[in-house]
Amino acid sequence: MQRFQCYIDGEFADGEARFESIDPATGAAWAEMPEAREADVDRAVEAAHTALYDGPWPKLTATQRGKLLYKLADLVAEKAQKLAELETRDTGKIIRETSAQIAYVAEYYRYYAGIADKIEGSYLPIDKPDMDVWLRREPIGVVAMVVPWNSQLFLSAVKIGPALAAGCTMVVKASEDGPAPLLEFARLVHEAGFPAGVVNIITGFGPSCGAALSRHRKVDHIAFTGGPETARHVVRNSAENLASTSLELGGKSPFIVFADADLESAANAQVAGIFAATGQSCVAGSRLIVERSVKDRFLDLLKGKAEAVGIGRPLDMATEVGPLATQRQRDHIEALVEHSLAAGARLVTGGTAPEGAGYYYRPTILDCDGSSSPSLEEEFFGPVLSVLSFETEAEALELANNTRYGLAAGLFTRDLTRAHRLMKGIRAGIVWVNTYRAVSPIAPFGGFGLSGHGREGGMAAALDFTRTKTVWLRTSDEPIPDPFVMR
Ligand code: NAD
């Protein structure tokens, strides 16, 4: 059994308790994790608070902060394969994806390294003759970062990178499901030379560790990624410390295919949108909305691709679909498919778990035309696609927007004027036209409604980790006039 530790105040330490981490490909325990509880959380937040105001961190120039981030980026690039293997082992996400994704995570740190000394304040053209007034941008403070199991290095990089660029300090809580890669990443933070307490990385359970962190009185901002129900707990917790929040939650993203689209390309994008990462992706294109005249042809194409997918061991480079991260997740998917079939959905393919060990589930397609399937509303977070068809562009848009989520949307058509019309009408934070699941550190990412609020990625994300201070400087040597009148 491998053993992992928390990283608090620049030191590696065991938590108040320990728990076993399960390899989702076998269902067997493979590592021991430190379980942080209230006292560990308190130590970590205190360390972050001290590092924010005392010691070397606040004295560094923005350029020096950027240099530390460049070093971290280089270390992530160098250790990407090891981190990828840990993530694959601990979460079941296939190595083909983790190795590519983590190599790209280095680019996020590099991007924010470059941004560190480009966060500028401003000078205000104030309406008083004897005053100079400007805005300073200062770090927002101690940030609590809480992430879910899927893509933990990626989902934390889009928080840690901009927060460090802005000069914040932080406590990152890895998910209790698959925390190994993030706990290992702490070694790179240490090696890069960040002062003690600037980045603290812990793991533990939501109701104990996550709750203690999000309501801690010295936390100024909470950057949360996870499900909407947990987000409600986090927001309630933030009523204690009145911390600001940014919430990256789930989705029920529409994937619209018109008859004039390149159907082969659209089918590959739809496979990427729903079966990649075994569907455990917040931007999963889980609602296919296809023009009726090509529905049968497109479903045949998709069915062929879904049935040809290579299900296997996640550490095998040839595997395309690995296990789900937890038994709980597979149970949820099985139950939701059952309810959807009972509500009139028709099974096109899949709908079962393969024999044998591990939390596998076959790529599944549900034809939901004419049904009231709950699969059209509820997030599976698994490899299950729900299908609807339309006759007119207006109908396609109405179906696409018929959701309380608002994270992402896909649109496949060769008609560019139609693409422009729909792109404006679709209610989502990201619209991909003739592509899907593309990301970049340069492009903001996030949604609204049940998908949360706030944006990650891009320059604006770094500004979101700052708060402004308005400084008034009187330039007159004359005595201050009438003190009873506001100037
Ligand atoms: P989750 O909401 O169950 O857990 C997320 C994190 O919150 C975990 O670290 C957990 O320990 C913690 N947590 C649980 N209870 C808590 C509490 N009371 N207080 C504070 N923290 C608590 O999510 P999950 O099931 O691990 O992940 C799946 C969800 O994440 C899906 O809904 C998915 O769509 C969403 N997600 C969103 C994005 C995005 O960027 N929009 C990305 C990935 C995943």
Side-chain angles (χ1 to χ4, degrees), residues 96-97 100-101 104 107 151 154 251-277 279 281-306 308-309 320-321 348 363 365 376 383-403 405-448 451 455-458:
R96 206 153 137 179
E97 172 142 13
Q101 189 180 51
Y104 197 48
E107 297 307 316
S151 312
F154 174 73
K252 196 75 218 179
S253 300
F255 187 102
I256 309 172
V257 178
F258 281 89
D260 69 345
D262 175 340
L263 293 187
E264 175 64 23
S265 177
N268 280 341
Q270 177 66 92
V271 166
I274 191 65
F275 301 137
S281 165
C282 51
V283 293
S286 54
R287 285 187 302 137
L288 168 63
I289 297 168
V290 58
E291 192 162 348
R292 201 155 298 146
S293 59
V294 291
K295 177 183 171 189
D296 289 346
R297 193 145 55 98
F298 194 63
L299 276 192
D300 278 351
L301 249 179
L302 271 184
K303 182 172 186 285
K305 288 180 189 289
V309 149
E320 293 168 325
V321 166
V348 177
I365 302 176
L376 292 167
V384 182
L385 178 67
S386 301
V387 183
L388 288 175
S389 62
F390 66 89
E391 293 272 2
T392 65
E393 185 182 311
E395 206 186 332
L397 186 60
E398 196 182 318
L399 290 172
N401 286 338
N402 187 20
T403 172
Y405 288 99
L407 186 55
L411 171 59
F412 274 76
T413 178
R414 285 195 172 101
D415 180 340
L416 271 189
T417 53
R418 169 157 65 200
H420 273 269
R421 277 194 303 275
L422 279 168
M423 171 269 287
K424 288 184 204 155
I426 289 171
R427 295 200 286 265
I430 308 157
V431 179
W432 284 299
V433 182
N434 293 330
T435 183
Y436 205 79
R437 213 166 169 250
V439 290
S440 161
I442 302 162
F445 180 103
F448 52 80
S451 297
R455 293 291 179 270
E456 294 185 328

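Residues take their numbers from the sequence shown, with the count starting at 1.
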remark   = Closest non-hydrogen atoms of Val433 and Ala419, given as atom of the first, atom of the second and distance, are CG1-CB, 4.0 Å
Validation: residues 282-289 side-chain donor-acceptor distances under 3.5 Å, sequence neighbours left out:
from: Arg287; atom 1: NE; to: Lys252; atom 2: O; distance (Å): 2.9
from: Arg287; atom 1: NH1; to: Leu399; atom 2: O; distance (Å): 2.9
from: Arg287; atom 1: NH2; to: Lys252; atom 2: O; distance (Å): 3.2
from: Arg287; atom 1: NH2; to: Ala400; atom 2: O; distance (Å): 2.8

remark   = Tightest non-hydrogen contact, residues Ile365 and Ala306, listed as CD1-CB, 4.3 Å
request  = Could you pull out all residues at least two apart from Arg292 that satisfy side chain to side chain donor-acceptor pair (under 3.5 Å)?
outcome  = Ser389, Glu391
message = I'd like to check the side chain to side chain donor-acceptor pair (under 3.5 Å) partners of Asp260; sequence neighbours left out, ordered by chain and number.
response = Thr413, Arg418
Ser440 side chain reached by Phe445 side chain, heavy atoms, under 4.5 Å = no
task = Quick one: pull up CD1 in Ile256 and CG in Leu388 and give me the separation to the nearest 0.5 Å.
result = 11.0 Å
key: Test ring-ring contact (aromatic ring centres under 6.0 Å, His included) applied to Phe255 - qualifying residues, sequence neighbours left out   = Phe412, Tyr436
request  = Would you give the length of the straight line joining atom OG1 of Thr417 to atom NE2 of His420, rounded to the nearest 0.5 angstrom?
outcome  = 8.5 Å
query = Considering all heavy atoms of both residues, which atom of Gly446 and which atom of Leu407 are nearest to each other, and what is their separation?
reply = C-CD1, 3.5 Å
query = So do the side chains of Leu302 and Val387 get within less than 4.5 Å of each other, counting heavy atoms only?
reply = no
task = Would you give the length of the straight line joining atom CZ of Arg437 to atom OG of Ser253, rounded to the nearest 0.5 angstrom?
result = 12.0 Å
query = Just how far is it from atom CD1 of Ile442 to atom CD of Glu107, taken to the nearest 0.5 Å?
reply = 9.5 Å
ask   = Which residues pass the side chain to side chain donor-acceptor pair (under 3.5 Å) test with Glu291, sequence neighbours left out?
value = none
Heavy-atom closest pair, residues Tyr104 and Pro441 = OH-CD, 3.2 Å
request  = Check whether any side-chain N or O of Asn434 sits under 3.5 Å from a backbone N or O of Asp262 as a donor-acceptor pair, and report yes or no.
outcome  = no
request  = Could you tell me which non-hydrogen atom of Phe275 sits nearest to which non-hydrogen atom of Pro383, and how far apart they are?
outcome  = CE2-O, 3.4 Å
inquiry  = If I compare all heavy atoms of Leu376 with all of Ser386, which pair ends up nearest, and what's the gap?
reply    = CD2-CB, 3.8 Å
key: Approximate separation, where rounding is to 0.5 Å, of Ile426 CD1 and Leu397 CG   = 6.5 Å
inquiry  = Rounded at 0.5 Å granularity, tell me how far OG in Ser293 sits from CZ in Phe258.
reply    = 10.5 Å
request  = Return yes if some donor-acceptor pair links the side-chain N/O of Arg455 with the main-chain N/O of Gly447 below 3.5 Å, else return no.
outcome  = yes
query = Looking at residues at least two apart in the chain, or sitting in another chain, which of them share a side chain to side chain donor-acceptor pair (under 3.5 Å) with Glu264?
reply = Lys305
